[in-house]
Amino acid sequence: MQQGGGSETEVTWEDQQNINKFGRLNNRFHELEDEIKIAKESNDNLEDASNELILTDEEVVRFQIGEVFAHVPKDEVENRIEQMKEVTSQKLEKLEEEKESVLAQMAELKKILYAKFNDSINLEED
């Protein structure tokens, strides 16, 4: 395998597996970034809904369940929103942890692959 001014280095089956694993991890990293962005937006929307609920004077408010709005007591809606915020926050934490794990694995693979291939391989995103 020769590119640019680099020397020829044989790519073994193990090297190819590492390259493939790096590619899969990179794809998962980008998926996680998208999922984290969505979870943060959802958390922000729930926080906004909670704040709006505090400002309302009505005892019964409209609450969306699926595609339908139902009239639900204000206290019940507050409890549901708090539960939803908890679930979303936990999901966000798990996604962040997985993202850190993926980044650590990618860094380890980068070290291994760059040690063998030097400038003959590019694992950086441009």
Query raised in the report: Testing Glu82, Glu76, Glu78 for side-chain hydrogen bond (donor to acceptor under 3.5 Å, both in side chains) with Arg80, which one passes?
Result: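 By the side-chain hydrogen bond (donor to acceptor under 3.5 Å, both in side chains) criterion, Arg80 pairs with just one of Glu82, Glu76, Glu78: Glu76.
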Report task. Using modelled atom types only, decide if a donor and an acceptor are shared between the side chain of Asn118 and the backbone of Ser120 within a distance under 3.5 Å. Result ->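 Flag not set: sc Asn118 to bb Ser120 has no pair under 3.5 Å.
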In Å and rounded to the nearest 0.5 Å, what is the [atom1] to [atom2] distance from [X] to [Y]?
X      : Y      : atom1 : atom2 : result
Asn18  : Leu123 : CG    : CG    : 10.5 Å
Leu103 : Asn26  : CG    : CG    : 9.5 Å
Asn45  : Thr88  : CG    : OG1   : 10.0 Å
His30  : Leu32  : NE2   : CG    : 10.5 Å
Ile112 : Ile19  : CD1   : CD1   : 11.5 Å
Met84  : Leu46  : CE    : CG    : 5.0 Å

Shared hydrophobic cluster for [X] and [Y] (ILVMFWY, side-chain gaps under 4.5 Å):
X      : Y      : answer
Val87  : Leu92  : no
Val77  : Ile65  : yes
Met106 : Ile121 : yes

Checking [Y] against [X]: is there a side-chain donor and acceptor pair closer than 3.5 Å?
X     : Y     : result
Glu31 : Asn27 : no
Thr12 : Asp15 : yes
His71 : Glu58 : no
Thr56 : Glu52 : no

Taking NZ, NE, NH1 and NH2 as the nitrogens, is one of them in [X] or [Y] under 4.0 Å from a carboxylate oxygen of the other?
X      : Y      : result
Lys91  : Glu35  : no
Lys111 : Glu108 : yes
Glu47  : Lys85  : yes
Glu33  : Lys37  : no

Report task. May I have the step-by-step check of side chain to side chain contact (heavy atoms under 4.5 Å, CB included) for Phe63 and Ile81, ending in yes or no? Result -> CA-CA 10 Å; Phe63 184 71; Ile81 288 176; 4.3 Å; yes
Query raised in the report: Is atom CD of Gln64 surrounded by more than 12 heavy atoms (other residues, nucleotides or ligands) closer than 6.0 Å?
Result: yes
Query raised in the report: Counting only heavy atoms not in Glu14, do more than 12 sit closer than 6.0 Å to its CD atom?
Result: no
Query raised in the report: Considering all heavy atoms of both residues, which atom of Val102 and which atom of Phe29 are nearest to each other, and what is their separation?
Result: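 Where Val102 meets Phe29 most closely, the heavy atoms are CG1-CB, 3.9 Å.
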Query raised in the report: Among Glu98, Glu41, Lys99, whose side-chain contact (heavy atoms from CB on, under 4.5 Å) with Ile36 holds?
Result: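 It is Lys99; the other options fail the test.
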Report task. Any chance you could lay out the side chain to side chain donor-acceptor pair (under 3.5 Å) test for Gln105 and Ser101, step after step, and finish with the verdict? Result -> CA-CA 6 Å; Gln105 291 176 56; Ser101 171; 3.2 Å; yes
Report task. Evaluate the side chain to side chain contact (heavy atoms under 4.5 Å, CB included) criterion for residues Val72 and Val60: first the C-alpha distance (whole Å), next the side-chain angles of each, then the deciding distance (0.1 Å), finally the verdict. Result -> CA-CA 5 Å; Val72 182; Val60 176; 5.9 Å; no
